[in-house]
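Data first, discussion second: the structure below is written as structure tokens.
All chains are named by letter (A, B, ...) in the order of the sequence lines, taking the proteins before the strands, and each is independently numbered beginning at 1.
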Amino acid sequence: MTLDATLYAVLLRAVPDLGPYRADAVETYLDLRAEAAGRGWRALVGLFLRSAGLALGALLVAVWRAIRRVVTPSPRPPRRGHREPFEMFSHLVHDLRLALRSLRQRPGFSFAIVAMLALGIGSTTAVFSVVDQVLIQALPYEEPDRLVYFDEGSHPGPLVRMWREQLDSFETVAVAWDDQTRDLTGDGPPMQLTTVGVTADFLPLFEASAIHGRLLGPNDRTADRVAVLDAGLWQRRWGSDPSVVGSTVTLDGEPWTIVGVMSPTFVSPEAVVDRGVDLWVPIDADHEWLEEWGMQILSVVGRLAPGVERSTAQAELDTLAAQVATEQPIRVLENGEPRRTTIVDLHAATTEEASRPLLLLLGAVGLMLLIGCANVANLMLARGQERRQELALRSALGAGRGRLVGQLLTDALALSITGGLLGIGVAFAGIRIFESVRPSELPRLTDLTIDPRALGFALAVSLITGLLSGLAPAFRATRIRATRGLRTATGPGYGPRSLGGFLVVAEVAMALILLIGAGLFGHNLLKLLTTDPGFSPDGVVRVQVSLGEDFDRSGRVPFARRVLEEIEAIPGVESTAAGWTVPFDFTGGSRCCWRTGFRTAPDAGQIASFVHPVTPDYFATLGIPRRGRDLSWNDTGTEPIPAILNVAMAEALFGDQDPVGQPVRLGQNEPHQLVVVGVVEDTHHYGLDRDIGEAVYVPYAAFGGGIGPLSIVVRFASAFTPTSADALRQAVWAVDPHLPVAEIATLPRMISRSLGEPRFLSMLFGVFALLAALLAASGIASSLLYAVGRRRREMGIRMAVGARQSDLLALVVRQGMMLTGLGLLIGLVGSALLGRFLESLIYGLSPTDPTTFAVVTAALATVAFGASYWPARIAARTDPAITLRAE
Amino acid sequence: MPDDRPAPPTAPLKPRDFLILLALAGGERHGYGLIQDIRELSDDRVHMDPANLYRALRRMVRDGLVLDSGRRAGDGGAERRVYRLSDAGRQTAADEAQRLERLTVAARARRLITGPGVTT
């Protein structure tokens with residue numbers, strides 16, 4: 001059959017009243033089609049549209065009639081010759097009306113369920129939205145699966161040149177020189193612009209376009225001094241004035257031409273260049289640093305040639321790496337292997353770090369939803385028990401079990417879809433909350449919204465939730481043995497082997513898993529907050545400046561010294577110093593800047609370490625305990641150059657021996673001879689959650705001029721106020737009025753910011769876990785309450801024959817705690833097994849940390865005890881006389 | 001046999017139903033044939049689509065106005081379901097045709113249309 005005929009046949013399924021003639025209708029359509037074919041394709045199209053259109057119209061009329069039947073309070077009297085409704089519709093319609101009516105009859109019940117489901121479905125949808133937009137959705141570029149990132153961070157110029165020239169597996173190999181700054185002066189306060197130098201083929205890979213002017217082209221050289229402006233900066237600084245294109249601005253003291261403005265819809269590739277790029281310029285291909293095999297500077301991204309697999313490209317890269325290793329000893333690793341570069345799918349590179357915490361969150365909120373479902377199922381079980389007479393009656397009157405199950409399922413679905421609709425509102429609110437608490441490191445979240453995919457997800461979750469909550473109770477409730485009379489429909493019990501008991505056990509287990517997860521994150525956060533950073537952050541402020549390109553090596557050191565002298569003169573300043581980086585300048589994934597090997601003798605083994613050029617008083621300003629002498633401005637490079645080691649490095653190089661006075665060689669290519677003059681305590685330079693690692697401090701006077709960025713630390717005797725911040729800026733400008741002063745931050749604030757992700761995870765997990773615990777507790781309470789209600793007669797008898805109140809109490813509590821105990825056991829095992837997923841996110845804490853496990857389990861057990869105690873008290877208050885009379 | 005047929009409806013037949021009955025009055029038809037016939041009878045103004053045709057047919061079969069003659073090989077060779085008029089259907093169609101004729105006569109009498117008719 002042809003496509004249109006098949007389509008027509010499918011459409012006809014939805015048209016009511018056709019009955020057995022549906023096949024004939026399709027045949028007639030085929031006949032008409034044969035005729036129309038003779039008249040040309042226009043006739044064919046016309047036939048299809050007309051036929052399909054009329055079929056759809058018939059369907060809509062039938063649906064409209066069905067809706068009216070639902071909404072109308074009483075059925076209209078049948079007219080002679082009226083159409084009978086579409087069979088399946090009539091059942092559904094009937095069940096829906098019953099469902100809505102029974103919901104209205106029990107408003108408390110319905111409200112509780114709808115509220116629980118709204119909360120669960122809404123939170124799950126909100127988290128899903130985030131996961132979808134960050135992890136799942138493809139990158140917004142053309143053919144994103146052919147884009148790959150050259151991993152291991154930055155690469156040396158000569159190697160990158162080889163790649164661009166020799167690699168056949170790639171259609172494009174594009175390069176970016178990230179991490180640059182240019183100082184913008186004139187027309188306003190001096191500003192430091194984040195600049196990226198790129199090859200001409202870089203921006204087109206990411207579908208960049210200019211809304212004014214043009215992008216960089218293959219003929220643009222650095223010497224031409226052309227630049228493309230970011231849309232955000234254009235709006236902020238130039239008020240979106242298009243005349244900025246073609247105009248000249250002063251960057252680093254020199255005139256540059258703005259040739260274009262980037263479109264605001266451009267999504268910068270976050271795995272390759274940092275966020276917040278202000279300026280795109282042609283890459284400085286002739287820079288001396290790009291001739292060095294030892295300088296890792298460039299970020300590389302490529303597009304695979306059509307049809308080429310990543311594995312093929314990787315193989316080509318590895319062959320090249322082996323070839324290079326024979327010519328460049330610096331490209332050989334310690335173990336003799338050539339230094340390889342891995343190519344990674346760009347999407348994976350962008351999302352990798354965020355994937356674990358986000359997926360964990362999704363799992364957590366999913367567990368919470370499951371607990372909610374279990375609660376709802378429990379409530380529906382109880383409700384089914386209440387309706388057993390009604391159900392038995394209907395069964396006796398001939399309703400098949402399928403019909404009854406269908407009706408109860410419709411009840412559950414009506415609740416879950418209502419919950420889902422309200423949940424969408426919750427999801428919107430959840431998104432707002434998420435926006436305000438999320439850590440800044442999350443990639444790709446420009447505007448977080450609830451989009452149609454999320455809505456579809458919410459709908460699907462609502463349906464599944466309804467099925468999950470409703471199916472088992474529906475089957476349970478309709479297990480009627482009508483032969484034993486209408487009064488003896490079987491119902492759910494709450495022993496460990498019953499459905500109700502199973503649900504409670506499951507709830508407790510899942511709640512425990514969530515609580516332990518939250519407990520671990522919380523414990524981790526606590527540990528981090530109480531970790532000694534290795535210095536005294538209180539009262540210390542950090543100022544960043546960049547001594548850019550118009551300073552040369554020899555100019556930077558005297559400049560830094562003068563700035564520090566100006567700062568020292570500010571009243572209230574106890575001491576000040578500077579370095580390339582200070583602690584907590586770089587946290588999270590990144591570390592900067594100079595890392596090389598150290599050895600004690602030419603033939604000794606080398607230890608790799610970060611090197612920190614620092615000025616005198618660095619350790620005093622930061623409050624790092626020091627032994628030996630400090631570095632000074634006079635240490636300008638005459639070898640042996642004084643150096644200070646931290647304890648870790650001292651132990652690594654010299655063991656128990658006193659390192660002071662010992663020689664050390666720095667670097668491989670042109671080794672410098674150093675001598676150890678002091679030892680300092682270890683500090684957490686790159687974050688509280690990173691290993692301390694070895695460090696070597698060298699004099700700024702000798703090595704500091706090598707790069708531009710300077711991090712100045714200032715210890716204030718009194719409180720730090722905006723006035724003090726101004727004074728700092730003025731001190732810098734006193735030396736050079738055109739130097740932009742970037743962020744001024746207090747060190748405690750920087751430390752706090754570095755804890756953004758652990759704090760975020762603890763908070764969200766904590767919220768979900770708490771809600772889960774509440775749900776589980778209410779589940780225990782409601783099921784026990786219900787069981788107590790069912791066993792009233794038994795309770796009454798027991799009391800009548802002499803049982804004491806405390807016996808009844810114990811009876812109920814024991815039942816509750818038995819279920820809880822089983823649940824806790826399963827939860828403990830589950831937590832132990834799932835713990836490994838948390839490993840990378842908790843630092844220094846075992847995922848099976850006994851303290852956390854013990855504390856959380858005890859807490860949940862207590863809550864469960866309370867939840868059991870309350871129904872028990874109600875049971876104990878039964879007056880046997882009343883109970884027995886009522887039966 | 002006797003009174004298990006529904007009484008003929010006193011309200012006028014829907015035009016669609018009348019056209020179908022009228023077409024069937026010309027003999028047995030299958031679906032496609034009915035559509036063609038109806039096109040002709042209505043001066044190419046009514047193009048019925050299969051869905052509506054068969055819904056109407058199903059209803060009329062249920063009401064006893066049309067009979068399902070089973071599947072028969074048509075002139076194209078393919079088998080198609082064929083319908084014919086029942087006695088009740090024939091009667092109903094005839095009643096309707098007469099009702100329409102009375103209307104036509106009245107229209108002529110009021111000079112709405114010209115043609116053979118009673119002149120006063």
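Between Y83(B) and Y21(A), the ring planes are perpendicular. Angles over 60° get that label, and only those under 30° would be called parallel.
Here the shortest heavy-atom pairing between G31(B) and T28(A) reads C-CG2, 3.7 Å. Considering all non-hydrogen atoms of both residues, E27(A) and E79(B) come closest at OE1-O, 3.9 Å. The two residues P50(B) and A25(A) make their nearest non-hydrogen contact at CB-O, 3.4 Å. For the residue pair L12(A) and A51(B), the shortest heavy atom distance occurs at CD2-CB, 3.7 Å.
Taking CZ from F48(A) and CG from D49(B), the interatomic distance works out to 12.0 Å, rounded to the nearest 0.5 Å. For the atom pair OG of S51(A) and CG of N52(B), the computed distance is 10.0 Å after rounding to the nearest 0.5 Å.
A 6.0 Å sphere centred on CD of E28(B) holds more than 12 heavy atoms belonging to other residues, nucleotides or ligands.
Of the atoms belonging to L32(A), heavy atoms from both backbone and side chain fall under 4.5 Å from chain B.
Contact annotation: the side chain of D24(A) never approaches that of H30(B) to less than 4.5 Å [non-hydrogen atoms, C-beta and beyond].
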